[in-house]
Engineer: 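Got a structure for you, questions after.
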Amino acid sequence: MQRRTTLHTALAVIAATTLAWGTAAQAQQPGAAPKIAVTDLAYAQRVSEYFMAGTYQRSSQMSAQGSQGGGYSQGMYGGGGSYSGQQSMQASEQASGTYVAGRYSYIEQRELGGYTNDIKGAILQGTYFRLVQGRGFDAGKPQPSKAEQVLNQVQGGKMATPQAQPQVNNVIARIKKGEFAGADYVLFGVVSTIDFTDALSPLQGTTSATRQYGLQLLADFSLINTKTYEIKAAFSAQGEGNDTKILSVRGDIAPPTGRR
């Protein structure tokens with residue numbers, strides 16, 4: 001997959017920032033270059049999913065009773081006697097259940113890796129910053145799915161209490177949490193727009209076709225002081241990529257190469 005990232009503006013801002021502000025930092029602390037951490041791109045999107053949960057209970061009972069009489073005698077003249085019997089059987093079965101289904105949506109929090117390597121490379125080529133590695137976004141403990149929450153509610157009769165989850169875009173909370181320990185500054189990137197395209201076109205004069213995958217991405221960056229939370233610089237960068245596959249008459253499936 002061919003990927004082209006427009007970083008001229010980004011690199012220009014970084015260069016200007018490092019020149020002016022890195023020189024001042026070194027003037028205050030000679031020989032001590034400021035440390036900077038570059039995050040992967042923060043990405044949050046609303047996801048909608050279908051869920052279903054249910055319970056089913058079944059019970060059965062069966063009972064049987066029987067009695068039997070008798071007696072027979074033979075006298076001098078023969079004959080006589082009696083015999084009686086009674087049998088009964090009862091059976092019952094009960095079944096009950098609860099079924100819940102529907103749709104729900106939630107905000108998926110994650111980071112997209114590999115899009116800030118060019119910026120890291122530009123920083124490494126300079127002499128004003130020392131590049132340090134952050135821990136990355138901690139999304140917290142895995143939460144039960146909506147189906148599991150509903151099933152627990154049906155079985156236990158209690159509504160699950162919503163748990164607050166870490167927000168990937170909350171850089172202040174992430175700094176306080178220690179995800180960028182040792183860094184004086186954080187270059188924090190957020191995906192503001194992402195667009196995927198998928199087009200199928202026939203090849204003229206053949207029985208084959210081409211499938212074109214495309215990606216356009218716009219990210220906003222902020223350079224933040226980890227102690228004062230002051231924004232020292234801000235800029236946007238745009239990237240795009242595409243991948244083309246030729247499909248045979250057999251209809252082979254051609255996923256994009258290294259799509260990310």
Side-chain angles (χ1 to χ4, degrees), residues 5 7 9-11 13-14 16-18 20-22 24-25 28-29 32-49 104-124 126 128-146 148-149 152 159-195 217-239 260:
T5 306
L7 290 175
T9 303
L11 299 180
V13 171
I14 292 176
T17 303
T18 55
W21 155 60
Q28 297 176 357
Q29 296 179 336
K35 298 177 183 178
I36 183 172
V38 180
T39 69
D40 289 328
L41 296 182
Y43 180 54
Q45 68 170 352
R46 181 172 294 278
V47 179
S48 178
E49 293 184 350
Y104 81 108
S105 61
Y106 63 95
I107 303 298
E108 182 184 40
Q109 312 274 345
R110 57 182 296 195
E111 283 185 311
L112 302 181
Y115 289 93
T116 57
N117 289 337
D118 294 338
I119 296 178
K120 293 178 182 177
I123 293 176
L124 288 174
Y128 297 105
F129 285 107
R130 292 174 57 192
L131 186 64
V132 298
Q133 179 66 47
R135 291 191 319 198
F137 174 60
D138 180 7
K141 297 181 179 178
Q143 298 297 308
S145 66
K146 189 63 177 180
E148 293 173 332
Q149 295 178 19
N152 292 334
M159 180 73 75
T161 303
Q163 301 291 329
Q165 293 296 297
Q167 303 294 312
V168 69
N169 293 337
N170 192 343
V171 65
I172 302 299
R174 295 177 60 182
I175 292 174
K176 292 179 179 179
K177 195 175 181 179
E179 293 185 4
F180 314 106
D184 300 305
Y185 300 91
V186 174
L187 183 60
F188 182 65
V190 180
V191 174
S192 56
T193 303
I194 187 169
D195 183 30
L217 184 146
L218 178 65
D220 297 326
F221 290 87
S222 298
L223 193 60
I224 301 170
N225 187 310
T226 57
K227 296 180 177 58
T228 64
Y229 311 131
E230 179 185 4
I231 298 177
K232 304 297 294 187
F235 57 89
S236 297
Q238 181 179 0
R260 59 186 180 176

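Keep in mind the model is a prediction, meaning the values are calculated, not measured. One-based numbering along the sequence shown.
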Engineer: Nearest heavy-atom pair of Phe188 and Ala42: which atoms, and what distance?
Structural biologist: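 Phe188 and Ala42 have their closest heavy atoms at CZ-CB, 4.0 Å.
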Engineer: What distance separates Gln149 CD from Tyr104 OH, expressed to the nearest 0.5 Å?
Structural biologist: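 Nearest 0.5 Å value for the CD-OH distance: 7.5 Å.
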Engineer: How close do Ala183 and Val132 get, counting heavy atoms only, and between which atoms?
Structural biologist: CB-CG2, 3.8 Å
Engineer: Within the structure provided, determine whether Arg174 and Val168 are in side-chain contact (heavy-atom separation under 4.5 Å).
Structural biologist: yes
Engineer: Show the nearest heavy-atom pair for residues Ser192 and Ala219, with the distance to one decimal.
Structural biologist: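 Answer, listing the atom of Ser192 first, then Ala219: OG-N, 4.1 Å.
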Engineer: Between atom OH of Tyr43 and atom CG of Leu217, what is the distance when rounded to the nearest 0.5 Å?
Structural biologist: 9.0 Å
Engineer: Distance check, rounded to the nearest 0.5 Å: Leu223 atom CG versus Ile36 atom CD1?
Structural biologist: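 Reported value, rounded in 0.5 Å steps: 5.0 Å.
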Engineer: Applying side-chain hydrogen bond (donor to acceptor under 3.5 Å, both in side chains) as the test, list every pair that has at least one member in residues 130-139; sequence neighbours left out.
Structural biologist: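 Every pair satisfying side-chain hydrogen bond (donor to acceptor under 3.5 Å, both in side chains) with a residue in residues 130-139: Asp138-Lys177.
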Engineer: Among residues at least two apart in sequence or on other chains, which ones pass side-chain hydrogen bond (donor to acceptor under 3.5 Å, both in side chains) with Asp40?
Structural biologist: none
Engineer: Is it the case that the side chain of Glu230 and the backbone of Asn225 share a donor-acceptor pair, with hydrogens and angles ignored and the cut-off at 3.5 Å?
Structural biologist: no
Engineer: Would you call the rings of Tyr185 and Phe129 parallel, tilted or perpendicular, where under 30° means parallel and over 60° means perpendicular?
Structural biologist: perpendicular
Engineer: Could you tell me the separation between the CZ atom of Phe221 and the CD1 atom of Ile119, rounded to the nearest 0.5 Å?
Structural biologist: 3.5 Å
Engineer: My understanding is that only residues two or more places apart in sequence, or in another chain, count here; which of them pass ring-ring contact (aromatic ring centres under 6.0 Å, His included) with Tyr229?
Structural biologist: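 Checked Tyr229 against ring-ring contact (aromatic ring centres under 6.0 Å, His included); zero matches.
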Engineer: Start with the C-alpha gap between Val171 and Thr39, add the side-chain angles, then the distance that decides, and say whether side chain to side chain contact (heavy atoms under 4.5 Å, CB included) holds.
Structural biologist: CA-CA 10 Å; Val171 65; Thr39 69; over 6 Å; no
Engineer: Rounded to the nearest 0.5 Å, what separation is found between the OG1 atom of Thr226 and the CD1 atom of Ile175?
Structural biologist: 6.0 Å
Engineer: Between Tyr115 and Val191, does the side chain to side chain contact (heavy atoms under 4.5 Å, CB included) criterion hold? Intermediate values first, please.
Structural biologist: CA-CA 10 Å; Tyr115 289 93; Val191 174; over 6 Å; no
Engineer: Between Glu111, Gln167, Arg110, which is the residue that forms a side-chain contact (heavy atoms from CB on, under 4.5 Å) with Phe137?
Structural biologist: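 Result for side-chain contact (heavy atoms from CB on, under 4.5 Å) with Phe137: Glu111.
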Engineer: CG of Leu187 to NZ of Lys120: how many Å apart, nearest 0.5 Å?
Structural biologist: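 Here the interatomic distance stands at 10.0 Å.
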Engineer: Please confirm whether the backbone N or O of Lys35 pairs with a side-chain atom of Asp184, one donor and one acceptor, at under 3.5 Å?
Structural biologist: yes
Engineer: Could you tell me which non-hydrogen atom of Ser105 sits nearest to which non-hydrogen atom of Arg46, and how far apart they are?
Structural biologist: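 Shortest heavy-atom separation between Ser105 and Arg46 comes out as OG-NH1, 3.1 Å.
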Engineer: Using every non-hydrogen atom in the two residues, find where Ala139 and Pro166 come nearest and quote the distance to one decimal.
Structural biologist: O-CD, 3.5 Å
